[in-house]
Amino acid sequence: QVQLVESGGGLVQPGGSLRLSCAASGSIFSIYAMGWYRQAPGNQRELVATISSDGSTNYADSVKGRFTISRDNAKNTVYLQMNSLKPEDTAVYYCNGKIKSRWGSPPSEYWGQGTQVTVSS
């Protein structure tokens with residue numbers, strides 16, 4: 001089994017910064033794309049950013065220029081650096097990973113438990 005554990009959420013003032021981390025552990029053969037999604041109360045879960053195994057990145061228009069996704073393959077960890085935070089960034093942030101557990105098996109999709117980010121003065 002594979003687990004994704006997020007950390008780094010919290011309360012920050014508008015204009016501030018936070019860095020989220022997500023560490024994958026368990027039965028991991030290889031990790032394909034990883035990403036961050038968020039869900040605000042009353043809203044559907046939405047894509048924030050993704051990063052592929054070769055480092056290619058993709059961002060939601062609402063976070064371009066403010067958020068940066070990165071990964072450390074040696075640590076099976078993905079990060080989300082969030083700068084210039086706005087109240088509308090308030091949400092539960094979820095880590096997502098497409099991970100192959102063993103050779104010859106197709107990759108499966110896994111989710112973390114979520115971490116709360118609140119942007120408020």
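If you're wondering where the values come from, they're calculated on a predicted model, not measured in any experiment.
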Under 3.5 Å, side chain of [X] to main-chain N/O of [Y], donor-acceptor pair present?
X	Y	result
Asn43	Ala40	no
Arg45	Gln39	no
Ser105	Trp103	no

Grouping I, L, V, M, F, W and Y whenever their side-chain heavy atoms are under 4.5 Å apart, do [X] and [Y] come out in a common cluster?
X	Y	value
Phe67	Val119	yes
Tyr59	Tyr37	no
Val92	Val63	no

What heavy-atom pair brings [X] and [Y] nearest, and what distance separates the two atoms?
X	Y	value
Val12	Gly16	CG2-CA, 3.8 Å
Pro14	Ser120	CD-C, 3.6 Å
Ser53	Asn73	O-ND2, 4.3 Å
Ala60	Leu47	CB-O, 3.4 Å

TODO: Take atom CD of Gln44 as the centre, draw a 6.0 Å sphere, and report whether it contains more than 12 heavy atoms from other residues, nucleotides or ligands.
DONE: no

- [ ] Taking atom types as modelled, find out whether Glu6 and Gln113 have a side-chain donor-acceptor pair closer than 3.5 angstrom.
- [x] yes

- [ ] Give a yes-or-no answer on whether the side chains of Arg38 and Tyr93 include a donor-acceptor pair shorter than 3.5 Å.
- [x] yes

- [ ] Could you grab the distance from atom CG of Asn58 to atom OG of Ser52, nearest 0.5 Å is fine?
- [x] 10.0 Å

- [ ] Working to the nearest 0.5 Å, report the span between OH of Tyr94 and CH2 of Trp111.
- [x] 9.0 Å

Does [X] reach the side chain of [Y], with side-chain heavy atoms less than 4.5 Å apart?
X	Y	value
Leu80	Thr68	no
Thr90	Gln116	yes
Trp36	Ile69	yes
Ile99	Leu4	yes
Met82	Asp89	no
Met34	Tyr79	no

Name every donor-acceptor pair, under 3.5 Å, that has one atom in a side chain of residues 17-32 and the other anywhere in the protein, sequence neighbours excluded.
unit_1	atom_1	unit_2	atom_2	d
Ser17	OG	Asn83	OD1	2.9
Ser25	OG	Gln3	OE1	3.4
Ser27	OG	Ser101	O	3.3
Tyr32	OH	Lys100	NZ	3.3

Open item on the list: Show every disulfide bond (SG atoms under 2.5 Å apart) that has at least one partner inside residues 34-74, sequence neighbours left out.
Closed with: none

Open item on the list: Check this for me: does any side-chain nitrogen of one of Asp61 and Lys64 sit under 4.0 Å from a carboxylate oxygen of the other?
Closed with: yes

